[in-house]
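Worksheet for the structure shown next.
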Amino acid sequence: MTKPENTDHIWARAEIESPCIKVCVIHPASRLCTGCLRSIDEIGAWSRMTPEARQEVMTALPTRAGQITQRRGGRAGRLKSP
């Protein structure tokens, strides 16, 4: 069995790189991607954004982590139920 070729180079560009880490799940309450912390609108517009607009988003990303709350489903959610 051969090892699959890494194709990340195909997506590389000479511009501000996308913060995408290929974990694309939108958090229902915050409407942010749990992988890169961008909004749906930012993700959709990324390829059309100016370098300055992309830099603004990149600067804001570290402050967004607190907007994503942990889901309390499964066993942990049942244990916390009254």
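Note: hydrogens, waters and symmetry copies are ignored here, and every other heavy atom, side chains too, is used.
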Note, L37 side chain near T63 side chain (heavy atom, < 4.5 Å): no
Sidechain-backbone polar pair: T34 side chain, V25 backbone, donor-acceptor under 3.5 Å: yes
Derivation of the side-chain contact (heavy atoms from CB on, under 4.5 Å) call for I40 and I26: CA-CA 8 Å; I40 294 172; I26 302 299; 3.8 Å; yes
Test log, rule side-chain contact (heavy atoms from CB on, under 4.5 Å), inputs I43 and C33: CA-CA 9 Å; I43 293 168; C33 174; 3.9 Å; yes
Derivation of the side-chain contact (heavy atoms from CB on, under 4.5 Å) call for L32 and Q67: CA-CA 8 Å; L32 297 175; Q67 295 178 39; 3.7 Å; yes
Any residue meeting side chain to side chain donor-acceptor pair (under 3.5 Å) with R31, in chain and number order, not counting sequence neighbours: none
Student check: side-chain heavy atoms of R64 and S30 closer than 4.5 Å: no
Test: E42 and R54 ion pair at under 4.0 Å: no
P19 versus C36, closest heavy-atom pair with distance: O-CB, 3.5 Å
Cluster overlap M49 with L61, hydrophobic side-chain contacts below 4.5 Å: yes
Residues which pass side chain to side chain donor-acceptor pair (under 3.5 Å) with T59, listed by chain and number, not counting sequence neighbours: Q55
ILVMFWY clustering at 4.5 Å (side-chain atoms), partners of I21: V23
